[in-house]
Amino acid sequence: MIQLHNVYAGYSGRNVIHDISLTLQPGKVTVIIGPNGCGKSTLLKTITGILPLSDGQLLFNGVSSAALSPTQTARQVAYLPQSRRVPDISVLSLVLHGRFPYLSYPRRYQPEDRDIARRALDWVGLKELEKKNVKELSGGMQQGVYLAMALAQDTNTILMDEPTTFLDIAHQLHTMELARRLAAEGKAVVMVLHDLSLALRTADTLAVMEQGRLLCIGTPDELFAGGMLTDVFGVQVQRILSDDGWHYVCSALR
């Protein structure tokens, strides 16, 4: 379990996120939403240790992040950034990068590392592509390979920054399905999403940010009923009950 207590962090001595307290629960999908520039990505980078805390406390299973080395932190949390360079290597080679926190220098993969990487590819449905060059794959398949790399890192928490960006609707829904499956297996899954309808449909818990602060935390039902989404996003939110649950529709205010 990862816990944030009154966390402040930012860039070049200027705080972007302020007084954030949040618990990332195992077995749950937490989606962070909010207007552009409100600090969502900064929050993820702070949790992974890419950005240092300027104040507050970050705990990994009760242990302060200050007491952990970068390698130890990488064994606790995996991170998929929004922007990534697509390397000119095979799919399996990229997924094996997820094993770096467990390798000493020089990095030499053991049979166990290759087995874990192949199981991760199988889990996302891409095992047959292990010899393909990553650059030859579609955007949706590349996203699946990066998710497999995160799975190969073998952490209890996975953070994803805008994992559906530039994906067609089928791959967006597939990514959300994989997130739900990860949570069902006991992992804490945390995503930043701009698509409010997708966030409401997928999340167990929504964390709403504005101007670097956490405005509220709640279930989709709670936030829909409370009306805060209209205030923050300036849209009208409606929902329709179908055989597979509630579907949320956002439209401009009249």
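These numbers were taken from a predicted model, which means no experiment stands behind them.
Rounding to the nearest 0.5 Å gives a distance of 10.5 Å between CD1 of Ile217 and CG of Leu206. Atom CD of Glu136 is separated from atom CG of Asn133 by 5.0 Å, given to the nearest 0.5 angstrom.
At least one side-chain heavy atom of Thr42 sits less than 4.5 Å from a side-chain heavy atom of Tyr11. Here the side chains of Ile50 and Thr46 are not in contact, with every heavy-atom distance at 4.5 Å or above. Contact of the Val77 side chain with the Ile2 side chain is registered, since non-hydrogen atoms from C-beta on lie closer than 4.5 Å. Side-chain contact between Leu43 and Ile47 is present, with heavy atoms from C-beta onward closer than 4.5 Å. Residues Gln142 and Val86 have side chains in contact (heavy-atom distance under 4.5 Å, counting atoms from C-beta outward). Leu214 has its side chain out of reach of Val208: every pair of non-hydrogen atoms, C-beta onward, lies at least 4.5 Å apart. With a 4.5 Å cut-off on side-chain heavy atoms, Phe233 and Leu196 count as touching. Using a 4.5 Å cut-off on side-chain heavy atoms (C-beta onward), Lys40 and Val31 make no contact.
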Practice item. Quick one: do Asn15 and His18 satisfy side-chain hydrogen bond (donor to acceptor under 3.5 Å, both in side chains)? Show the steps, please. Key: CA-CA 7 Å; Asn15 286 328; His18 310 266; 4.8 Å; no

Practice item. Go through the steps for Asp55 and Asn6 under the test side-chain hydrogen bond (donor to acceptor under 3.5 Å, both in side chains), then give the verdict. Key: CA-CA 7 Å; Asp55 202 357; Asn6 310 112; over 6 Å; no

Check your understanding: Yes or no on side-chain hydrogen bond (donor to acceptor under 3.5 Å, both in side chains) for Ser21 and His5, after CA distance, side-chain angles and deciding distance?
Key -> CA-CA 4 Å; Ser21 293; His5 298 292; 5.1 Å; no

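When all heavy atoms are compared, the tightest approach of Met191 to Val29 is CE-CG1, 3.7 Å. Across all their heavy atoms, Phe60 and Ser65 have their closest contact at CE1-CB, 3.6 Å. Taking all atoms of both residues into account, the shortest heavy-atom contact from Leu22 to Ala207 is CD1-CB, 4.4 Å. When all heavy atoms of Ala152 and Ala117 are compared, the pair lying nearest together is CB-CA, 4.4 Å. What you find for Leu80 and Ala150 is that their closest heavy atoms are CD1-CB, 3.2 Å. Among all heavy-atom pairs drawn from Gly140 and His171, the shortest one is CA-CD2, 3.5 Å.
Under the side-chain hydrogen bond (donor to acceptor under 3.5 Å, both in side chains) criterion, the residue pairs touching residues 97-108 are Arg99-Asp113, with sequence neighbours excluded.
A cation-pi contact links Arg181 to Trp123, judged by a cut-off of 6.0 Å to the six-membered ring centre and 45° from its axis.
Between the Thr202 side chain and the Ala199 main chain, no donor and acceptor come within less than 3.5 Å of each other. Counting only distance, with no hydrogens or angles, the side chain of Thr71 and the backbone of Pro101 share no donor-acceptor pair below 3.5 Å. Thr23 contributes no side-chain N or O that, together with a main-chain N or O of Gln25, makes up a donor-acceptor pair within less than 3.5 Å. Side chain of Gln211 to backbone of Cys38: no donor-acceptor contact under 3.5 angstrom is found. Listed for the Gln153 side chain is a donor-acceptor partner under 3.5 Å among the backbone atoms of Ala74. No donor-acceptor pair closer than 3.5 Å links the side chain of Thr219 to the backbone N or O of Thr205. Lys127 places no side-chain N or O within donor-acceptor distance of the main-chain N or O of Arg118, the cut-off being under 3.5 Å. Between the side chain of Glu162 and the backbone N or O of His194 there is at least one donor-acceptor pair closer than 3.5 Å. Of the possible polar contacts, none joining the Glu185 side chain to the Leu182 backbone as a donor-acceptor pair under 3.5 Å is found.
Checked against ring-ring contact (aromatic ring centres under 6.0 Å, His included), Phe224 has the following partners two or more places apart in sequence or in another chain: Tyr248.
Counting heavy-atom neighbours within 6.0 Å of Lys187 NZ, excluding the residue itself, gives a total above 12.
Between Arg201 and Asp244 there is a salt bridge, since at least one side-chain N of the basic residue sits less than 4.0 Å from a carboxylate O of the acidic one.
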